[in-house]
Amino acid sequence: MLYYLLMALSSLLSIPAIYLAVEERDLVKAVIFSAVQSTLYAFLYYLLMAPDIFLTYIPVGVGLYTALILILIKKTERYESD
Amino acid sequence: MSSTLRNIVVIVTLTLMVVGLAVVLTVGGFGFSLPPHNVRALATIFLNTTLNLDANYRYVSAMSPEAVTAIVWDYRGLDTLFETSVMFIAIVGALAISRGATEKLLKTSPPVLGMSLITKTITRITIVMILAVGASIALHGHLTPGGGFQGGATIAVVPMLLIIIFSIYLFSKMITIYKAVTLRSVGLIGIALSSFIVLIIAALYGGSAYIFQNQPKLHSHYGLPSYAEPILLGGTLLFFNVFETLAVAFGFAALFILFTIPEDAVKSAIMGEE
């Protein structure tokens, strides 16, 4: 029962993170929201008993992807214009 | 102020929609349930054939306790080989565009390098831990969750930390992009050789085998040992995991070097001397 509650909680918490990542004009903040969503999804995969996906999701979704996008933002523009 | 209010309204609406959809799906309101009940039959097949010491299953079983690694490198090995090659070809393309840029980088060196002493010291400690965790994920890939890609992606965090905290100038003195791509090619050649190893053994004994064969099959009784008394070896899976780790870790390292080369170095390398 606790597993199901945690699953529901992490999937519901990921909804605002996704929405804010799409909506945010400051791209650095958007990347951080995206990393929060990745962390929640990683927990979700762990609770769904898919530890292999969990082990891929943590370094790729939270570490490598975030760092790569931050490097690219540094090379281009930080704020999205209208 | 009004944009904050709008955000809250949208988030609440989205959350309510997801909760409603979940409730309707759970009680079967659409006339079907997710996941469908017959998906269990597929799981039963994999659980029966992944590690089965029974004589009836000897020529069907993959003889590895880790179902995911067995599926990735045994049941659908050719798929995984092409997945790895796609990333390799992408890196070759990126390398072809920015060729000559790293040599320019090594000639220049700014006076201040990297972040503060505190971050550098902490990074020196954590790098060892990350390497140990990555190696354990990769080398135990045929026994516990994990495998070549997972271990390689974990190890790839190390070059990223080194580049960001100790600067690209110091890192490209340690590992040049050509060294990284060479080691990645070694990994890919190792994967290719591991897929033929049982065929080579069979050819030496005058028999025949399949490509990507791991354990003995019905019409070809050749295979790598899967079980040396106290430990499970997993046949070719261990080789695949080791070489895939090499390929993924150095592939990501090459990508990070490419992405962090300063723009003017790349530009002058592409445009040529003026």
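- Looking at B:Leu162 and B:Met174, their side chains come closer than 4.5 Å, going by heavy atoms from C-beta outward.
- Judged purely by atom type and a 3.5 angstrom limit, A:Ser34 has no side-chain atom pairing as donor or acceptor with the backbone of A:Ala30.
- Under 3.5 Å, the side chains of B:Thr119 and B:Ser116 contain a donor-acceptor pair of N or O atoms.
- By a heavy-atom distance cut of under 4.5 Å, not one residue of residues 38-46 of chain B is near chain A.
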- Message: As a quick check of understanding, evaluate side-chain contact (heavy atoms from CB on, under 4.5 Å) for B:Met160 and B:Ile164, giving each step before the final call.
- Response: CA-CA 6 Å; B:Met160 187 195 78; B:Ile164 291 174; 4.1 Å; yes
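- More than 12 heavy atoms of other residues, nucleotides or ligands sit less than 6.0 Å from atom NZ of B:Lys120.
- In summary, the side chains of A:Thr39 and A:Tyr57 do not present any donor paired with an acceptor at a separation below 3.5 Å, with no hydrogens or angles considered.
- Contacts between A:Leu55 and chain B at a heavy-atom distance below 4.5 Å involve backbone atoms as well as side-chain atoms.
- Between the side chains of B:Glu244 and B:Thr84, at least one donor N or O lies within less than 3.5 Å of an accepting N or O.
- Within the 4.5 Å cutoff, the side chain of B:Phe256 has heavy atoms near those of the A:Leu68 side chain.
- Of the charged side-chain nitrogens involved, none lies within less than 4.0 Å of a carboxylate oxygen, so that A:Lys29 and A:Glu23 do not count as a salt-bridged pair.
- With respect to chain A, the highest number of heavy-atom pairs below 4.5 Å among B:Thr154, B:Ile137, B:Val10, B:Val157 belongs to B:Val10.
- With a 4.5 Å cut-off on non-hydrogen atoms, A:Leu20 touches chain B through its side chain but not through its backbone.
- In this structure the side chain of B:Leu25 reaches within 4.5 angstrom of the side chain of B:Phe30, judged on heavy atoms.
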- Query: Can you list the steps and then say if B:Glu83 with B:Arg76 is a salt bridge (charged side-chain N to carboxylate O under 4.0 Å, His left out)?
  - Reply: CA-CA 11 Å; B:Glu83 272 176 23; B:Arg76 41 150 271 188; 3.2 Å; yes
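- Contacts between residues 11-23 of chain B and chain A, defined by a heavy-atom separation under 4.5 Å, are made by B:Ile11, B:Leu14, B:Thr15, B:Val18, B:Val19.
- Proximity to chain B (any heavy atom under 4.5 Å) is shown, for A:Ile58, by neither the backbone nor the side chain.
- Panel note: side chain B:Gln150, backbone A:Asp52; a donor-acceptor pair is recorded below 3.5 Å.
- Heavy-atom distances place the side chain of B:Phe149, and not its backbone, under 4.5 Å from chain A.
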